[in-house]
Amino acid sequence: MKNHSEGSFPPWSRIESLKEMAEEIGIDYKNLLTMLKDNQDSKTIAEALGISITATEALTKHFYSYGVSSVIGGD
């Protein structure tokens, strides 16, 4: 029986990009990037974009964990 933890999955993952996430919730991606670049807090970003603080925190965490692009590759 094959051990599924050894090589049974592709050596890459596909995580939505920050742009895809912004489009999905209907906010302007460029405005989000500008606010992140300017190090604005979650409350300010949420109010400016008309989204919840929870959504803003998730987008910010994604940005600092993965950057703006999705993660593809991994060898």
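- Annotation for Ser42 and Ile53: closest pair CB-CG2, 4.0 Å, computed over non-hydrogen atoms.
- Judged purely by atom type and a 3.5 angstrom limit, Asp38 has no side-chain atom pairing as donor or acceptor with the backbone of Gln40.
- Between the CZ atom in Phe63 and the CE atom in Met21 there is a gap of 12.5 Å [rounded to 0.5 Å].
- Without hydrogens or angle criteria, His62 side chain to Ser17 main chain gives no donor-acceptor distance under 3.5 Å.
- Considering NZ of Lys61 and OG1 of Thr56, their distance stands at 15.0 Å, rounded to 0.5 Å.
- Following chains of ILVMFWY side-chain contacts shorter than 4.5 Å, one can reach Val68 starting from Leu32, so the two form part of one hydrophobic cluster.
- Remark: Lys43 NZ to Glu57 CD distance equals 12.5 Å, nearest 0.5 Å.
- Atoms CG and CG, from Leu49 and Leu59 in turn, are 8.5 Å apart once rounded to the nearest 0.5 Å.
- When all heavy atoms are compared, the tightest approach of Ile15 to Tyr66 is CD1-CE2, 3.5 Å.
- Taking NZ of Lys19 as the start and CD1 of Ile27 as the end, the distance is 13.0 Å to the nearest 0.5 Å.
- Taking each heavy atom of Asn39 and Tyr64 in turn, the nearest pair found is OD1-OH, 4.1 Å.
- No side-chain N or O of Thr34 forms a donor-acceptor pair with one of Asn31 less than 3.5 Å apart.
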